[in-house]
Asker: 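Got a structure for you, written out below as structure tokens; questions coming shortly.
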Amino acid sequence: CASLDLTIDDAWSLFKLLDSDGSGAIGVHEFVTGCLRLRGSARSVDLALAAYQLKWMIGRITQFAEYSESQFKFLHAAIPTALSAKQPVVEGGSRARGTELRSLHGWNPKQWEAT
């Protein structure tokens, strides 16, 4: 690894990239196709774009996780009330399935569109 200027972490990352089936072992076919897939040099623009996309995805996943957590808390609080009242928490069966909670808790579908 020293002749390739790779650290232990780099070697492990390279192994994970080459192990396309996640088996923990690299077969000849995986090795050859992985090396062919990784050949060439990345331009700084490519790296910057990949970093930007990764940062954007992490932000969106974080937003979705926070939104999901708030919805679970809402449901957790609503279930005992619904069970004791023996009535549906949400009325309005004419709406499309799944929109009831969204409209009750201020869900905005525009917030998840790509910007």
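Note that the structure is a prediction, hence the values are computed from the model and not measured.
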Asker: With rounding to the nearest 0.5 Å, note down the distance linking CG in Asp21 to NE2 in His29.
Answerer: 10.0 Å
Asker: For the CD1 atom of Ile26 and the SG atom of Cys35, what is their distance to the nearest 0.5 Å?
Answerer: 8.5 Å
Asker: So how far is it from Phe15 CZ to Phe31 CZ, rounded to the nearest 0.5 Å?
Answerer: 12.0 Å
Asker: Is there a path of hydrophobic side-chain contacts, each under 4.5 Å between heavy atoms of I, L, V, M, F, W or Y residues, that connects Tyr67 with Ile58?
Answerer: no
Asker: Does anything in residues 69-83 form a salt bridge (Lys or Arg N to Asp or Glu O under 4.0 Å)? List the pairs, not counting sequence neighbours.
Answerer: Glu69-Lys73
Asker: How long is the span from the CH2 atom in Trp12 to the CG atom in Asp19, to the nearest 0.5 Å?
Answerer: 8.0 Å
Asker: In this structure, would Tyr52 and Met57 fall into the same cluster of hydrophobic residues linked by side-chain contacts under 4.5 Å?
Answerer: yes
Asker: Is there a donor-acceptor pair closer than 3.5 Å between any side-chain N or O of Glu30 and the backbone N or O of Gly27?
Answerer: yes
